[in-house]
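A, B, ... follow the sequence lines: proteins, then strands. Residue 1 opens every chain. These numbers come from a predicted model, not from an experiment.
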There are 2 protein chains.
Amino acid sequence: MHLRAYETKCMSLQHALLVSLAEQEATGYDLTRRFDRSLGFFWRATHQQIYRVLGRMAEDGLLAVRIEPGEGRPDRRVYAVTDLGREELLRWTREPTPSEQLRSEFAVKIRGMGFGDEDAVVADIRRRRAEHAEQLAYFEANRAKHYPDVEALTDEERPLYAVLRGGILTEQSLLAWCDEMLDLFGASDVPVADTPPTDIRHETTEAPEASRTSRRTA
Amino acid sequence: MHLRAYETKCMSLQHALLVSLAEQEATGYDLTRRFDRSLGFFWRATHQQIYRVLGRMAEDGLLAVRIEPGEGRPDRRVYAVTDLGREELLRWTREPTPSEQLRSEFAVKIRGMGFGDEDAVVADIRRRRAEHAEQLAYFEANRAKHYPDVEALTDEERPLYAVLRGGILTEQSLLAWCDEMLDLFGASDVPVADTPPTDIRHETTEAPEASRTSRRTA
DNA sequence: TAACCCATGTAAACGGTTACATGATTCG
DNA sequence: CGAATCATGTAACCGTTTACATGGGTTA
């Protein structure tokens with residue numbers, strides 16, 4: 001069978017889909033919702049993109065499609081990983097993952113703040129601090145709920161926990177950066193008002209939860 | 001004057017170029033090298049892309065071009081920010097910066113490791129740990145050299161320092177994540193060999209505290 | 001009855017990457 | 001003499017985003 005040229009390059013949505021479908025077969029619609037939730041924090045994708053890539057993967061034999069006729073609504077096209085797909089998954093885990101270069105418009109703006117409205121940039125830092133605090137609280141609540149005891153993790157849970165910890169560490173780091181900058185630019189005296197102490201750690205069982213639409217991590 | 005549709009959208013390379021040119025006028029070639037260096041860790045761009053965007057920005061009146069004839073080699077096209085460009089820069093600093101969704105193939109791979117070669121993934125974690133340690137050491141050396149005293153920073157230096165700290169915190173966080181995962185997946189007994197304790201910290205000569213990224217509380 | 005969910009798609013535009021091309025100068 | 005530097009570009013491709021489209025079922 002032929003290999004498309006781009007299969008050798010990044011093409012990561014494909015692998016994200018393979019992982020998600022290896023966990024559980026699904027339709028494009030299902031996957032879209034999964035990407036809106038747990039997986040979505042680390043890899044976002046729109047339904048248009050997902051449908052297109054699913055189609056290509058099926059063509060390439062990585063996925064098998066089963067069509068469930070729907071009355072009135074369009075047929076459900078349920079995708080499952082084939083043997084070839086599993087081989088590709090195995091191959092992929094064996095190759096080194098290139099370090100993604102971080103690309104931060106925020107950092108560029110900080111760097112350029114001297115040429116613009118400094119007060120506005122400081123306000124933006126404060127706004128983002130609140131965002132990161134909220135996201136962190138959400139992750140932490142998730143962790144406390146699903147993985148209360150690190151020692152008791154099963155083999156299946158461990159990778160999910162690891163990824164969640166990645167999110168937590170990332171948010172903690174961004175939050176700490178914002179705090180440091182607010183201190184540096186002399187704006188720490190303005191009350192932040194909305195979020196409790198920055199560093200929510202492990203055993204804490206309180207966790208606000210609050211304004212979150214999506215929950216759960218499958 | 002007309003506005004292109006995409007000026008209202010992200011279009012961030014444009015702003016990165018505005019910032020860089022506001023600091024110092026330059027040719028496309030100069031900018032390419034700048035993006036390979038300091039600025040490049042937070043925003044990478046190839047020369048092709050830079051030339052294209054520079055051309056468009058000049059068309060739109062954000063930049064002025066001065067042509068210095070070169071003998072033999074192509075003319076130097078030196079770009080400088082116009083008043084309109086400075087206005088755009090000001091406008092940009094006043095609008096909130098959308099949180100960039102992080103997109104990590106690495107996280108996806110961790111999540112899917114159960115369907116692939118787990119040992120290979122653990123090896124990959126170890127490899128990336130070393131990369132982050134190296135990058136962190138580089139940043140930290142940079143900081144020690146250029147900004148040895150936080151209290152003594154000038155107004156011009158402060159944003160540059162802030163951005164560098166962002167890089168340091170990011171790398172510390174990724175490094176801590178790798179360490180945590182190596183511990184979690186029971187591979188910490190394999191010697192890492194190359195880098196000293198995770199947490200290189202600022203002036204603080206206090207206790208190391210080991211793999212922890214953020215401190216502080218508002 | 002209005003809004004949202006299910007479920008699929010097409011089309012166009014844009015941003016970014018890679019490959020290819022040119023040609024003089026300087027340095028080891 | 002070969003490699004790297006200076007300095008600019010074209011062309012093609014790919015991934016991603018946004019807008020638009022369809023149409024029945026469920027719920028407030």
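- Remark on DNA chain C: of its neighbouring residues B:Arg44 and A:Gly28, the 5'-side contact belongs to A:Gly28, judged by nearest-heavy-atom nucleotide.
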Let me see the working for B:Glu105 and A:Thr97 under side chain to side chain donor-acceptor pair (under 3.5 Å), right down to the final yes or no.
CA-CA 7 Å; B:Glu105 181 179 355; A:Thr97 316; 5.5 Å; no

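- Candidate nucleotides D:dA7, D:dT17, D:dG9 were compared by shortest atom distance to the side chain of B:Arg103, and D:dT17 ranks first.
- Qualifying salt bridge (charged side-chain N to carboxylate O under 4.0 Å, His left out) partners for B:Glu118, counting only residues two or more places apart in sequence or in other chains: none.
- As rounded to whole Å, 13 Å separates atom P of D:dG15 from atom CD of B:Glu105.
- Rounded to whole Å, atom C1' of C:dT18 lies 15 Å from atom CD1 of B:Ile50.
- Distances shown here put every side-chain N or O of A:Arg33 at or beyond 4.0 Å from the OP1 or OP2 atom of C:dC5.
- When the side-chain nitrogen and oxygen atoms of A:Arg56 are compared with OP1 and OP2 of D:dC14, none of them lie within a distance under 4.0 Å.
- Rounded to whole angstrom, the span from the CG atom of A:Leu31 across to the C1' atom of C:dT8 amounts to 13 Å.
- For D:dC6, the OP1/OP2 oxygens have no side-chain nitrogen or oxygen of B:Thr27 closer than 4.0 Å.
- Listed pair A:Tyr29 / C:dT8 fails the phosphate criterion, with no side-chain N or O lying under 4.0 Å from OP1 or OP2.
- In this entry the distance linking NE2 of A:His47 with P of D:dT16 reads 15 Å, nearest Å.
- The interatomic distance linking A:Leu54 (CG) with C:dT8 (P) rounds to 9 Å, in whole Å.
- Atom CG of B:Asp75 is separated from atom C1' of C:dA24 by 13 Å (rounded to the nearest Å).
- Regarding A:Leu13, its CG atom lies at a distance of 10 Å from the P atom of D:dT17, rounded to whole Å.
- With salt bridges taken as basic N to acidic carboxylate O contacts below 4.0 Å, none links A:Arg86 and A:Asp83.
- Heavy atoms of A:Gln101 sit under 4.0 angstrom from primed sugar atoms or phosphate atoms, though from no base atom.
- Residue contacts for A:Arg52: at a heavy-atom cut-off of 4.0 Å it reaches a base atom on one of the strands shown.
- With A:Glu100 as the fixed residue, the salt bridge (charged side-chain N to carboxylate O under 4.0 Å, His left out) test singles out one of B:Arg128, B:Arg103, B:Arg44: B:Arg128.
- Heavy-atom nearest nucleotides on DNA chain D were determined for A:Gln48 and for B:Arg76, and the one closer to the 5' end corresponds to B:Arg76.
- A:Thr32 comes within contact range of no nucleotide atom at all, as no heavy-atom separation falls under 4.0 Å.
- OP1 or OP2 of D:dT17 lies within a sub-4.0 Å distance of a side-chain N or O belonging to A:Gln49.
- Using a 4.0 Å cut-off, some side-chain N or O of B:Tyr51 falls inside it from OP1 or OP2 of D:dT8.
- When side chains are defined from C-beta on, B:Leu31 counts as touching B:Leu17, because their heavy atoms get closer than 4.5 Å.
- Across the protein-nucleic acid pair, A:His15 atom NE2 and D:dG15 atom C1' stand 15 Å apart, rounded to whole Å.
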